[in-house]
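Everything on this sheet refers to the single structure shown next.
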Number of protein chains: 2
Amino acid sequence: MTAEPAGAVKTLRPARTTATRQKLFDASMELIGERGAAGVTVDEIAAAAGVSKGTVYYNFGSKSELIAQLLRHGVDILKARLQEAPGQKAPIQVGSGQESAAQRAATAASADPLLEMEAMIGQALDFMSEYPSFARLWVSENWRTPSEWQGTFAVLRGELLEVIGQAVERVAQAYPVDSTVSRGSLETAIFGACFVVGLDRQTYHPERTRDQSVAAIMAIMRGYVLQRPGPRG
Amino acid sequence: MTAEPAGAVKTLRPARTTATRQKLFDASMELIGERGAAGVTVDEIAAAAGVSKGTVYYNFGSKSELIAQLLRHGVDILKARLQEAPGQKAPIQVGSGQESAAQRAATAASADPLLEMEAMIGQALDFMSEYPSFARLWVSENWRTPSEWQGTFAVLRGELLEVIGQAVERVAQAYPVDSTVSRGSLETAIFGACFVVGLDRQTYHPERTRDQSVAAIMAIMRGYVLQRPGPRG
DNA sequence: CTAACTAAACTGACCAGTCAGTTCAAATAG
DNA sequence: CTATTTGAACTGACTGGTCAGTTTAGTTAG
């Protein structure tokens with residue numbers, strides 16, 4: 001019988017378990033990204049992770065749950081990357097006037113929300129380069145209608161779009177923008193363009209540079225902003 | 001014994017076969033779009049098409065070949081739609097000065113390549129609405145690395161991007177554009193945004209209108225064009 | 001001592017592809 | 001006009017193999 005219901009506590013977990021789960025995440029990400037969730041067997045994943053099949057079930061309970069947690073894992077990484085982009089550095093609510101040099105640098109870099117946006121898109125593309133399999137898994141399963149991970153996707157998608165939405169909002173505060181454009185659709189377009197441009201670069205056009213890709217996606221923002229006299233205020 | 005090797009002649013094919021193949025395309029498109037190529041069985045497809053399993057193999061030879069031809073079929077439809085957009089109406093080389101009223105209307109509408117671009121994006125979104133399963137199949141399988149349909153995708157992707165590329169070219173001829181932006185990346189961004197915005201509307205935001213979506217994607221073009229004094233020439 | 005993990009065998013469902021046989025519309029023969 | 005033949009189109013039971021998930025008895029590491 002499996003002790004501890006699969007996928008229980010995440011924190012305070014023994015080091016061995018954490019390492020095992022990480023190995024399984026790495027192996028799954030790779031294999032599933034290449035051949036799709038349905039195209040990979042649990043035996044293969046276990047073998048690739050250098051672990052027995054029983055361990056997969058001990059840790060995750062099912063193939064489906066493994067993949068759900070894999071999606072969550074990837075989104076956590078991507079969100080962290082996006083928030084690394086200057087100006088996204090979470091609500092710093094420490095006593096006023098005591099920012100560190102690093103904090104001041106971040107603030108300075110984020111003075112222009114368009115530059116911040118550019119940094120975010122760059123981070124997104126870097127993520128796609130680093131975890132191409134995650135991007136493939138995402139686009140493969142995201143829009144399936146009665147998907148096993150429908151709920152998972154709805155939540156994760158919302159989290160990512162919120163980060164983008166905040167950055168767009170900051171642009172809209174600093175610049176005159178075309179208010180006839182639906183904010184939601186715009187965010188989706190940016191989000192989608194990041195994935196597709198990133199994946200396409202990976203698969204079909206490795207010669208395209210990161211900066212070319214960023215510039216192409218940034219065209220969306222330049223088209224959203226009405227004039228270019230720099231941020232106001 | 002099966003006469004005629006599967007998937008041979010396409011033209012002059014007896015009506016019965018054409019009807020059968022169409023039924024199989026319709027059924028496959030629906031099922032595969034929902035649950036993915038690997039998630040659907042040939043038995044299910046046959047049943048949904050109201051045909052026996054043997055007929056699938058008689059007509060296509062393999063599940064894989066059925067899907068390859070399904071992709072080709074969908075791209076043919078999408079390409080036709082994109083070329084319906086004003087100004088794309090293929091090289092009309094009939095005797096000069098004898099255009100029909102319809103041709104003149106199309107020419108008039110295409111006077112502005114940006115409007116033409118807008119029409120094309122609208123057509124793309126309409127296609128996504130009408131064949132959502134095709135779009136899902138496309139994004140699900142397009143970027144798999146050693147895919148069964150790698151070659152198929154490379155060809156079809158090229159055909160679609162060429163149509164977009166021509167429209168972008170016409171914009172670049174008529175307007176001053178940001179020449180530092182890589183044309184290929186830009187086209188990919190537009191292409192990707194169409195798919196993702198279309199699918200997202202379908203799956204998560206049915207309340208978003210077609211025109212909102214078009215406007216969001218058109219932001220890319222507005223950002224690519226440097227000024228807005230109307231087309232030159 | 002116990003949670004985490006191993007190794008290997010096993011079950012039961014599922015599924016791609018096969019093939020011997022059936023149908024029927026059109027061609028040909030009488 | 002009727003009988004016969006032909007073969008493309010189609011059928012569906014069957015085969016061989018695969019795979020998620022289970023079980024069990026034992027091992028390792030913290």
> Going by distance alone, is a donor N or O of one side chain under 3.5 Å from an acceptor N or O of the other, for T188(B) and R201(A)?
Replying inline: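 Result is no, nothing qualifies.
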>> Quiz question: by atom type and distance under 3.5 Å, do the side chains of S185(A) and Q212(B) form a donor-acceptor pair?
In response: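 The answer is no; no qualifying pair exists.
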> R35(A): what forms a salt bridge (charged side-chain N to carboxylate O under 4.0 Å, His left out) with it, not counting sequence neighbours?
Replying inline: E44(A)
How is [X] classified with respect to the nucleic acid when contacts are heavy atoms under 4.0 Å: base, sugar-phosphate, or nothing?
{"X": "T41(A)", "value": "sugar-phosphate"}
{"X": "K63(B)", "value": "sugar-phosphate"}
{"X": "V56(A)", "value": "nothing"}

Looking only at side-chain atoms of [X], point me to the closest of [options].
{"X": "T20(A)", "options": "dC5(C), dA13(D), dC10(D)", "answer": "dC5(C)"}
{"X": "S62(A)", "options": "dT6(C), dG21(D), dC10(D)", "answer": "dG21(D)"}
{"X": "V42(A)", "options": "dT11(D), dA20(D), dT18(C)", "answer": "dA20(D)"}

OP1 or OP2 of [N] under 4.0 Å from side-chain N/O of [X]:
{"X": "Y58(A)", "N": "dA4(C)", "answer": "yes"}
{"X": "S52(A)", "N": "dT6(C)", "answer": "yes"}
{"X": "N59(B)", "N": "dC10(D)", "answer": "yes"}

> Closer to the 5' end of DNA chain D via nearest nucleotide, is it A38(A) or K53(B)?
Replying inline: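 Result of the comparison: K53(B).
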